[in-house]
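Notes follow once the structure below has been shown.
By convention in this document, chain letters (A, B, ...) are assigned in the order of the sequence lines, proteins followed by strands, and residues within each chain are numbered from 1.
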Protein chains: 2
Amino acid sequence: MPIRMGLPESVHRDIRELHLFRDMADAHFTDLMHGAYVQNFPPQIELISEGDTSDFLHIILSGSVDLFSAWNKRETSMATVRPISTFILAATILDAPYLMSARTLTKSRIALIPSQDVRAVFDADNAFARAIVAELAQCYRSMVKAQKDLKLRTSLERLANFLLRQRIQSGGSATFELDFEKRHLAAVLGMTPENLSRAFKGLQPYGVEVDGMQITITDPGDLASFAKPNPLIDDHST
Amino acid sequence: MPIRMGLPESVHRDIRELHLFRDMADAHFTDLMHGAYVQNFPPQIELISEGDTSDFLHIILSGSVDLFSAWNKRETSMATVRPISTFILAATILDAPYLMSARTLTKSRIALIPSQDVRAVFDADNAFARAIVAELAQCYRSMVKAQKDLKLRTSLERLANFLLRQRIQSGGSATFELDFEKRHLAAVLGMTPENLSRAFKGLQPYGVEVDGMQITITDPGDLASFAKPNPLIDDHST
DNA sequence: GTGGCTTATTGACAATAATCAATCCGCGAG
DNA sequence: CTCGCGGATTGATTATTGTCAATAAGCCAC
């Protein structure tokens with residue numbers, strides 16, 4: 001059970017700097033923070049379950065959270081959330097059931113704002129309403145990109161493009177670390193862990209070397225000629 | 001090239017009744033309509049191409065439009081838009097490139113509102129901004145459902161659930177018509193036309209009979225026991 | 001360090017889906 | 001009515017992916 005407590009000033013500031021909260025009125029921001037909690041969670045804790053109604057808007061302050069979904073004994077990962085950002089905003093605003101479950105991947109610090117407070121401030125604060133538009137539009141477009149990735153590419157192509165994106169995100173050096181388990185990566189890419197192992201081998205001819213969590217791409221150009229990355233699928237910033 | 005003309009009063013009313021435009025100020029609605037066009041398109045016309053920047057918010061008044069995407073010589077259908085609703089709202093609001101292309105499936109009547117007008121009114125009209133939040137949240141959730149459908153189900157299960165949804169949407173009678181070509185359905189469901197043919201045969205044991213575009217489901221309960229429909233995937237209203 | 005756990009890998013196999021090629025069918029033009 | 005076109009179906013084959021089982025490798029607690 002979460003224990004209600006005043007938010008530390010530093011957390012206050014971090015949240016305020018998010019695009020979502022940057023432009024709203026001070027009074028409304030204070031209203032939101034007034035009912036907010038912060039809590040630390042160990043890894044592998046299920047924070048929310050699909051089908052439940054939205055009680056809190058979640059903001060991840062540190063750690064990482066997996067948004068996943070299950071049906072008929074199968075389970076897949078829909079997205080990974082990293083600090084600092086909110087998640088499950090759409091369900092909160094619409095007061096609709098969650099479509100995805102969420103669990104901590106690592107030890108995580110998470111702020112929770114009561115959904116009814118979010119909806120109340122949404123009704124009152126125009127800048128907040130506009131910021132939500134931008135946030136939702138981005139989430140929507142991310143989901144469109146993910147669906148294109150799934151429907152237009154084979155698993156080998158998805159892995160290749162994932163590695164190219166990861167390489168850029170890690171600063172562009174030849175060697176970088178995967179920042180989560182391979183079985184999780186498999187779920188993200190829509191394949192089984194066994195297949196992921198084989199897919200890594202399938203990319204060896206294009207200069208992909210794997211040593212545990214450490215990936216080396218000897219010739220990004222060669223890999224890209226196979227992966228054919230496309231900004232309308234792979235550029236997660238636009 | 002579209003020819004600028006005043007919108008007929010009836011179209012005016014139809015658009016005004018959309019959730020998106022219902023609550024905005026009269027003056028702002030008039031502003032939007034002032035720069036708007038209406039045009040009739042024959043089937044198979046590409047209205048927008050992915051990668052282009054958003055010039056117009058589109059509103060489909062009659063007919064049907066396919067949102068699709070291509071990559072590396074492959075093509076897939078992302079969604080089908082039916083009257084009366086808008087499409088590609090996210091790109092318009094963010095002034096970002098389209099992620100999907102759009103083409104008419106049938107003869108269609110479409111209203112076009114200049115994107116810059118939409119953005120200007122978005123900045124000025126708070127009710128409009130809030131209506132956009134609701135619209136985008138719904139689009140986002142539809143996309144999440146589509147991704148769950150894709151990642152958690154086989155093609156046979158996707159077809160079975162599609163048929164059950166379609167049956168309800170057609171009024172619940174045992175026999176109903178598919179409202180688009182099978183090759184288009186195949187693209188929607190993420191499979192090849194050949195595989196769709198075989199999938200229909202694979203559903204015969206569950207009481208699915210196919211005669212051209214006409215589908216008969218003799219025992220919906222039996223089909224449902226195979227399809228295992230789930231409101232968090234298949235209920236497109238919530 | 002060692003035991004016991006989870007994850008990762010590998011191989012053999014089965015299931016699922018795509019591709020290629022050959023009809024079949026329905027429909028509109030002439 | 002008949003031709004010709006495009007979509008739909010079918011069969012044969014290949015490619016891709018998933019499943020099951022066994023083993024190896026890494027990690028943590030003790």
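At whole-Å resolution of the value, CD in B:Glu209 and C1' in D:dT9 are 18 Å apart. Whole-Å rounding puts the B:Arg74 CZ to C:dA17 P distance at 17 Å. Nucleotide D:dG26 holds its P atom 10 Å from the NZ atom of A:Lys182, rounded to whole Å. Across the protein-nucleic acid pair, B:Leu105 atom CG and D:dG7 atom P stand 13 Å apart, rounded to whole Å. One interatomic measurement links the two molecules: CG of A:Leu189 to P of C:dA8, which rounds to 13 Å at whole-angstrom precision. For A:Arg153 and D:dT16, the CZ to P distance is 16 Å, given to the nearest whole Å. Atoms CG (B:Asp211) and P (C:dG26) sit 9 Å apart, rounded to a whole Å. Distance A:Met213 CE to C:dT9 C1': 12 Å, rounded to the nearest Å.
Residue B:Ser197 places none of its side-chain N or O atoms closer than 4.0 Å to OP1 or OP2 of D:dT10. For C:dA18, the OP1/OP2 oxygens have a side-chain nitrogen or oxygen of B:Asn195 closer than 4.0 Å.
The pair A:Arg82-A:Asp179 meets the salt-bridge criterion, since a charged nitrogen lies less than 4.0 angstrom from a carboxylate oxygen. Remark: A:Arg74 engages B:Glu157 in a salt bridge, criterion side-chain N to carboxylate O under 4.0 Å. Ion pair B:Lys148/B:Asp234 not flagged as a salt bridge, since none of the NZ, NE, NH1 or NH2 atoms sits closer than 4.0 Å to an Asp/Glu carboxylate oxygen.
In this structure the side chain of A:Arg158 never reaches within 4.5 angstrom of the side chain of A:Thr154, judged on heavy atoms.
Under the side-chain contact (heavy atoms from CB on, under 4.5 Å) rule, B:Leu105 has a single partner from B:Ser77, B:Ser64, B:Pro43, which is B:Ser64.
With hydrogens and angles ignored, a donor-acceptor pair under 3.5 angstrom links the side chain of A:Arg198 to the base of C:dG11.
Across all strands, A:Glu181 comes closer than 4.0 Å only to sugar-phosphate atoms, never to a base (heavy-atom distances).
Across C:dA8, D:dT17, C:dA17, the shortest atom-to-atom separation from the side chain of B:Thr154 is found for C:dA17. Closest to the side chain of A:Lys201, from the set C:dA8, C:dA17, C:dT10, is C:dT10. Candidate nucleotides D:dG18, C:dA17, D:dT19 were compared by shortest atom distance to the side chain of A:Glu194, and D:dT19 ranks first.
Sequence order on DNA chain D of the closest nucleotides to B:Val210 and A:Gly190 puts B:Val210 first from the 5' end.
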